[in-house]
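Computed over heavy atoms, backbone and side chain alike; hydrogens, waters and symmetry mates excluded. So you know, we letter chains A, B, ... as the sequences are listed, proteins then strands, and number each from 1.
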Protein chains: 2
Amino acid sequence: MAAKRSGRSKRGINERLQPLQEPRSEPPLSRERIVATAVELLDAQGVDGLTMRRLADRLGSGVMSLYWHVDNKEDVFDLALDSVLEYRGPPQIAQDWRGEVVHVLEDWRASMLRHPWSATLLPRRALGPNILGRLELLSKTLSRAGVADADVNAAIWSLWNYVMGATITRASFDLSDDDRAAAQQRLTRLSERYPTIERSRLLLDNDWDGAFKNGLGFLLDGLSPK
Amino acid sequence: MAAKRSGRSKRGINERLQPLQEPRSEPPLSRERIVATAVELLDAQGVDGLTMRRLADRLGSGVMSLYWHVDNKEDVFDLALDSVLEYRGPPQIAQDWRGEVVHVLEDWRASMLRHPWSATLLPRRALGPNILGRLELLSKTLSRAGVADADVNAAIWSLWNYVMGATITRASFDLSDDDRAAAQQRLTRLSERYPTIERSRLLLDNDWDGAFKNGLGFLLDGLSPK
DNA sequence: ACCTGAACACCGTTCAAGT
DNA sequence: ACCTGAACACCGTTCAAGT
């Protein structure tokens with residue numbers, strides 16, 4: 001959207017002089033830089049770590065400069081969230097519909113786990129273009145597989161619910177291995193109140209990926225057109 | 001835990017005089033009052049609405065008085081959350097194991113939906129006694145139903161994931177009917193990019209309870225011991 | 001068109017003190 | 001044992017102004 005620049009560029013001069021005087025001179029602010037830095041900050045410090053002031057600090061600008069490029073803090077969250085949910089498309093090898101659905105959902109889950117704050121944020125924010133694209137793809141795949149039109153929406157929401165629950169839970173538990181061990185210890189102390197889950201070591205169960213695949217399989221069995 | 005009081009009570013005098021002078025005289029602060037008022041505030045204003053200062057205001061006390069009864073704000077969240085997850089037990093009529101599991105999960109979901117903030121909070125907080133009690137019950141029921149010991153934990157986490165995802169999603173969508181309509185309108189404007197979910201009106205689909213029961217049925221089919 | 005600092009109305013919590 | 005106010009180090013955002 002920037003105005004067209006003159007073809008004759010004076011880049012040579014800037015490249016020689018500026019970097020010498022301020023070697024880490026920041027590129028100008030932009031929506032893209034703000035969003036990318038917000039993601040960095042969220043990855044490093046979590047949801048509560050994102051602060052307009054800290055964000056501006058990292059960008060080497062004044063706090064209020066951000067508000068030229070961005071509406072408010074909520075806007076930053078929405079943009080950071082969607083930027084993390086980009087879909088790179090299915091692998092080249094052809095697959096049956098079931099393999100395709102599994103791939104879409106596992107890729108979605110993997111994207112969120114790379115940025116654990118995104119899973120807890122997603123249900124609370126407006127749906128951005130990238131997540132809508134994933135839903136569109138899912139819907140098309142299910143239709144093509146022969147799921148009746150009347151059942152597609154219910155199927156999508158069931159899958160959505162399962163993926164979101166699994167990912168939010170895993171992301172939260174992962175953030176706090178110590179807490180989990182402490183919880184299981186507390187459980188052991190109270191073992192007369194919770195004997196069954198104490199004995200089965202429920203809180204230490206670690207096979208997240210297996211459990212995810214397992215339950216997803218059950219859902220797809222049920223959703224399959226007969 | 002309070003010290004034993006003298007048997008001879010002077011209650012009569014207090015009841016006559018105090019209420020006349022300060023008709024809305026607050027009972028003394030206590031952990032229970034703080035938690036109950038925190039739940040009120042959360043119900044009314046959501047997660048961001050809970051503030052130590054606002055909480056103290058509602059209780060008619062100074063902010064710092066709260067800290068005598070409570071460690072910090074996180075503590076208030078933990079206590080409010082667990083207080084809302086109390087389980088009243090199964091209905092009297094006997095049921096098969098599957099009916100029992102469905103009842104436990106639907107009751108859990110209903111408790112969270114009565115306090116929509118609780119669903120989004122639960123995965124981020126330590127597991128309190130009430131939620132542990134529900135997991136214990138679930139674990140016992142599945143074992144009794146004949147699910148192999150090695151499979152019980154995976155089964156519980158699948159059900160947990162599904163219930164949490166469904167409830168968080170529903171609670172978030174419910175909070176913002178207008179937003180949803182706006183989202184579907186935005187979708188219509190972009191209908192060339194998302195033709196399938198635009199045509200199926202995915203974002204306006206409203207049968208949450210039906211979809212929940214549906215997917216839960218599929219999971220239980222898969223989990224059933226053969 | 002883009003950036004800024006001062007100011008406002010909030011936060012959670014520490015501390016030293018009151019009864 | 002229980003409660004308090006002042007103070008500190010933070011927030012997001014408005015506004016009026018600079019270039």
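Separating the CG atom of B/L66 from the C1' atom of C/dC11 is a distance of 14 Å, rounded to the nearest angstrom. For the pair B/R33 CZ and D/dC3 C1', the computed distance is 14 Å after rounding to whole Å. At whole-Å resolution of the value, CE in A/M64 and C1' in D/dT13 are 6 Å apart. B/L55 places its CG atom 14 Å from the C1' atom of C/dC11, with the value rounded to the nearest Å. Across the protein-nucleic acid pair, A/Y67 atom OH and D/dC15 atom P stand 13 Å apart, rounded to whole Å. For the pair B/R53 CZ and D/dA7 P, the interatomic distance rounds to 14 Å; values are reported in whole Å.
Near DNA chain D, meaning a heavy atom under 4.0 Å away, the residues from residues 68-76 of chain A are A/N72, A/K73. Listed in residue order, the members of residues 42-51 of chain A having a heavy atom less than 4.0 Å from DNA chain C come to none.
Across D/dC11, D/dT13, C/dC15, the shortest atom-to-atom separation from the side chain of A/R54 is found for D/dC11. Closest to the B/M52 side chain, of the nucleotides D/dT13, D/dC11, C/dG12, is C/dG12.
No side-chain heavy atom of B/I168 sits less than 4.5 Å from a side-chain heavy atom of A/N161. Using a 4.5 Å heavy-atom cutoff, the side chains of A/L29 and A/I34 are in contact.
Relative orientation of the B/W208 and A/W157 rings is tilted, given thresholds of 30° and 60° on the angle between their planes.
For the strand DNA chain C, secondary-structure stems (runs of at least three Watson-Crick or G-U pairs, all distances below 3.5 Å) span C:4-8 with D:12-16, C:12-16 with D:4-8.
Of the P atoms belonging to D/dA17 and C/dC2, the separation is 22 Å, rounded to the nearest Å.
A search for side-chain hydrogen bond (donor to acceptor under 3.5 Å, both in side chains) contacts involving B/W108 returns nothing, not counting sequence neighbours. Partners of A/N72 according to the side-chain hydrogen bond (donor to acceptor under 3.5 Å, both in side chains) rule, which considers only residues two or more places apart in sequence or in another chain, do not exist here. Remark: B/L79 pairs with B/R31, B/V35, B/V70, B/D75 by the side chain to side chain contact (heavy atoms under 4.5 Å, CB included) rule, at least two apart or across chains.
In this model, the phosphate group of C/dC2 is not approached by any side-chain N or O of A/S65 to a distance below 4.0 Å at OP1 or OP2. A close approach under 4.0 Å does not occur between any side-chain nitrogen or oxygen of B/S61 and OP1 or OP2 of D/dC3.
Each of B/D71, B/L41, B/L50, B/L81 was scored for a side-chain contact (heavy atoms from CB on, under 4.5 Å) with B/V76, with one residue passing: B/L50.
When the shell of 6.0 Å around CD of A/Q45 is examined, it contains more than 12 heavy atoms from other residues, nucleotides or ligands.
For the pair B/R125 and B/F77, the NZ or CZ position fails the cation-pi test of under 6.0 Å to the six-membered ring centre and within 45 degrees of the ring normal. Cation-pi check for B/R170 over B/F212 is not met; the charged atom does not lie both under 6.0 angstrom from the ring centroid and within 45 degrees of its normal.
How far CD1 of B/I131 is from CG of B/L85: 5.0 Å, rounded to the nearest 0.5 Å.
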